[in-house]
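What follows is a set of notes on a single structure, which appears directly below.
Since the structure is predicted, the reported quantities are computational estimates derived from the model, not experimental observations.
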Amino acid sequence: MPTQQPRTASHAFQATEHTALGRLAQSRRVVAGTRSDSGFRLLDSADSAFTSRVALAQAAQKSLDLQYYAIHADASTEVLLQSVRDAARRGVRVRILLDDFNTVGDDAQVLRLAFEPGIEMRLFNPMAGPRASLVTRILGSLHDLERIQKRMHNKLFIADNAWGIAGGRNLGQAYFGAGEKSNFVDLDVLAAGRIVQDMSASFDRYWNDPLAYPVPDLLSPAELDRLHADTGEQPAERAVGAEVAAPPPADHVTGMVLPGVTSAEVSFAQRQPMDLKGVPLLWASSLLIADQPGKIGPVDDEADAGETVVDGLLNLMQQATHEVLMVSPYFVPGMPMMKVFSDMRARGVRVRLLTNSLASNDAPAAHAGYRRYREDLLALGVEVHEMRSVPRAATGRHDRRVRPRLGSGVGGSEVGASQSSLHAKAVIIDRRLTAIGSMNLDLRSQRTNSEVALVIRSKALAAEAALLIDGTIASSAYRVEQNASGGLHWRAPIGAAFPDTTSEPEAPAMLRLLVNVLAPFSPDEML
């Protein structure tokens, strides 16, 4: 690791009232006639998640702050990053903070943005070793295993400190309904008003943390060129040292950000930006809960020890009087969390869970951890639902126009759809509190990774979110039950086109075998 050079801390733009987005947020509040200072919109579909981010990038006048666990180099990201680069070229200050775990292979090419004028890019908790593959990087960092397994999992997209997006999505085709092999069913929330300032304050804490390294301190454009050399293509356009005399027209094509992505793919990924003036907003009181950067610092660093995002959610659950509805794609509760569920059930609180089935889970080791608790959950009276995997059509072809949506599981259609995997993270308490964020209900999110979540107090928003989740359960999930002989039974929804089963549904034998092999080597605290 290079020695961190002295640097001046930077902070979020504060004079939001001088921007169009700031004025829009205030005018929307006045028209709504509400005393609540923050407005929200659920982004339950891949289309709304994508078009809202493009709209924020295009509308920003002063600042864009992006914080992500992973940004993949593909056509959807190309469209987004073109909007971000265009913002920088018209004078917007752009800061991008990215966890360093996935910046390998083709995905390392997103780091080219660090060499664009007007864009600062930092990598959080960097790993040593070459970026050709993840395996080589892990092998090169085994001496520092305790640190490298702690990752920044936060996901924020903030424009002018006035509008922002939080939720479960990373940036990439599979998160925006255009994945070739699989797509993630996810959930974000668009926010406007005062709460966005809290989102920005959390971003600033990570941006100014000693673990955030400027990309130019870690690698050069020449290294990115060498990584891409084996494709035989020319490296993407770079504006290092270039003079930008004036911002280009809005419809001006200024070249590709990512090498290897074709103009045809970009054209296919283009969608009309969301109309921020007309999108419905629900105004409500809210709270941002975010882990401190020190959670993933050195092992002996106790400076930021304390309650985590998942701890905060568990505390809120313990105040429930009627119902807790949880959505967690990777669910490995551990005994302390099981104790919370046990206490809730003893008080008569209905507890429901939507998680991935083995076939829909993209992390078999996480499923190995989850299934250790499945029968105990059922014994407590927790209602367990597992998202089914929708296999690709018999032709093997995938129509990327079918975009995943939480309420219908897979965009309302299975025709031509690729495999679906649940990726949304949400908790709804008594149909009045809704938490949406980056956190899973597992020990990794609780103890190891850093997370962020929005907690919104609104019966209307909670009802909307619960309706989406109930729709997925009713159309695209099995209910897991224990039969009289002690075995498990996966019950399909009433009227479903797929049958009940008494073994892991839709999971091939080799996948079931893999989980059995992984289970002894997958301790809960690593999952």
Side-chain angles (χ1 to χ4, degrees), residues 174 179 181-186 326-334 337-338 341 351-394 396 404 406 409-410 414 417-425 440-444 469 472-524 526-527:
K181 296 181 180 179
S182 65
N183 282 300
F184 291 110
V185 178
D186 221 320
M326 305 174 293
V327 182
S328 181
Y330 316 114
F331 185 78
V332 187
M337 203 178 298
M338 291 292 288
F341 300 153
V351 181
R352 295 196 292 155
L353 167 69
L354 174 63
T355 190
N356 273 308
S357 64
L358 173 57
S360 67
N361 200 325
D362 67 325
H367 189 85
Y370 152 68
R371 73 176 188 176
R372 287 196 280 263
Y373 294 92
R374 190 161 48 191
E375 293 183 4
D376 290 339
L377 288 164
L378 296 174
L380 289 175
V382 175
E383 300 172 33
V384 177
H385 302 270
E386 293 182 3
M387 176 92 170
R388 73 178 296 238
S389 171
V390 179
R392 301 176 72 175
L406 185 66
V410 287
E414 295 179 14
S418 64
Q419 180 177 344
S420 294
S421 181
L422 182 69
H423 199 260
K425 305 102 164 45
N440 295 294
L441 295 177
D442 61 13
L443 295 182
R444 171 161 287 279
I469 298 165
T472 297
I473 290 173
S475 65
S476 305
Y478 295 90
R479 176 161 179 178
V480 186
E481 299 176 346
Q482 200 154 28
N483 57 36
S485 61
L488 296 181
H489 188 98
W490 282 260
R491 194 173 301 282
I494 297 174
F498 50 97
D500 293 1
T501 181
T502 54
S503 62
E504 302 275 6
E506 300 167 341
M510 287 302 296
L511 181 57
R512 295 197 297 269
L513 177 61
L514 174 63
V515 172
N516 290 336
V517 171
L518 290 174
F521 307 100
S522 304
D524 289 355
M526 294 287 291
L527 303 175

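Heavy atoms only, all atoms of each residue included: Pro499 and Tyr478 are closest at O-CE2, 3.5 Å. When every heavy atom of Phe521 is checked against every heavy atom of Val517, the shortest pair comes out as CD1-O, 3.3 Å. Nearest heavy-atom pair, Asp186 versus Ala424, reported as atom, atom and distance to 0.1 Å: OD1-CA, 3.4 Å. The shortest heavy-atom contact between Phe498 and Ala492 is O-CB, 3.2 Å. Contact record, Leu378 with Gln482: CD1-N, 4.1 Å, taken as the closest heavy-atom pair.
In terms of modelled atom types and a separation under 3.5 Å, the side chain of Arg372 and the main chain of Ala519 share a donor-acceptor contact. A donor-acceptor pair under 3.5 Å links the side-chain atoms of Ser421 to the main chain of Ser360, judged by distance alone. Here the side chain of Ser357 pairs a donor or acceptor atom with the backbone of Met387 at under 3.5 angstrom.
Under the side-chain contact (heavy atoms from CB on, under 4.5 Å) criterion, Ala507 pairs with Leu358, Ala359, Glu504, Leu511, Arg512, sequence neighbours left out. Listed by chain and residue number, His367 satisfy the ring pair (Phe, Tyr, Trp, His ring centres under 6.0 Å) test with Tyr370 (two or more places apart in sequence, or in another chain). Taking Glu383 as the reference, Arg350 meet the side-chain hydrogen bond (donor to acceptor under 3.5 Å, both in side chains) condition, with sequence neighbours excluded. Taking Ala365 as the reference, Leu518, Ser522, Leu527 meet the side-chain contact (heavy atoms from CB on, under 4.5 Å) condition, with sequence neighbours excluded. Taking His423 as the reference, Tyr175, Phe184 meet the ring pair (Phe, Tyr, Trp, His ring centres under 6.0 Å) condition, with sequence neighbours excluded.
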Original post:
When you look at Glu386 and Arg374, which way does the side chain to side chain contact (heavy atoms under 4.5 Å, CB included) test go after all the steps?
Top reply: CA-CA 11 Å; Glu386 293 182 3; Arg374 190 161 48 191; 2.9 Å; yes
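Partner Tyr330 forms a side chain to side chain contact (heavy atoms under 4.5 Å, CB included) with one of Asn440, Leu441, Thr355 and no other, that one being Asn440. Among the candidates Thr501, Asp500, Asn483, the single residue satisfying the side-chain hydrogen bond (donor to acceptor under 3.5 Å, both in side chains) test with His489 is Asp500.
Taking CD1 of Ile469 as the start and CZ of Arg352 as the end, the distance is 8.0 Å to the nearest 0.5 Å.
Between Tyr373 and Phe331, the ring centre distance reaches or exceeds 6.0 Å.
Among pairs with a residue in residues 354-371, none fulfils salt bridge (Lys or Arg N to Asp or Glu O under 4.0 Å), at least two apart in sequence or across chains.
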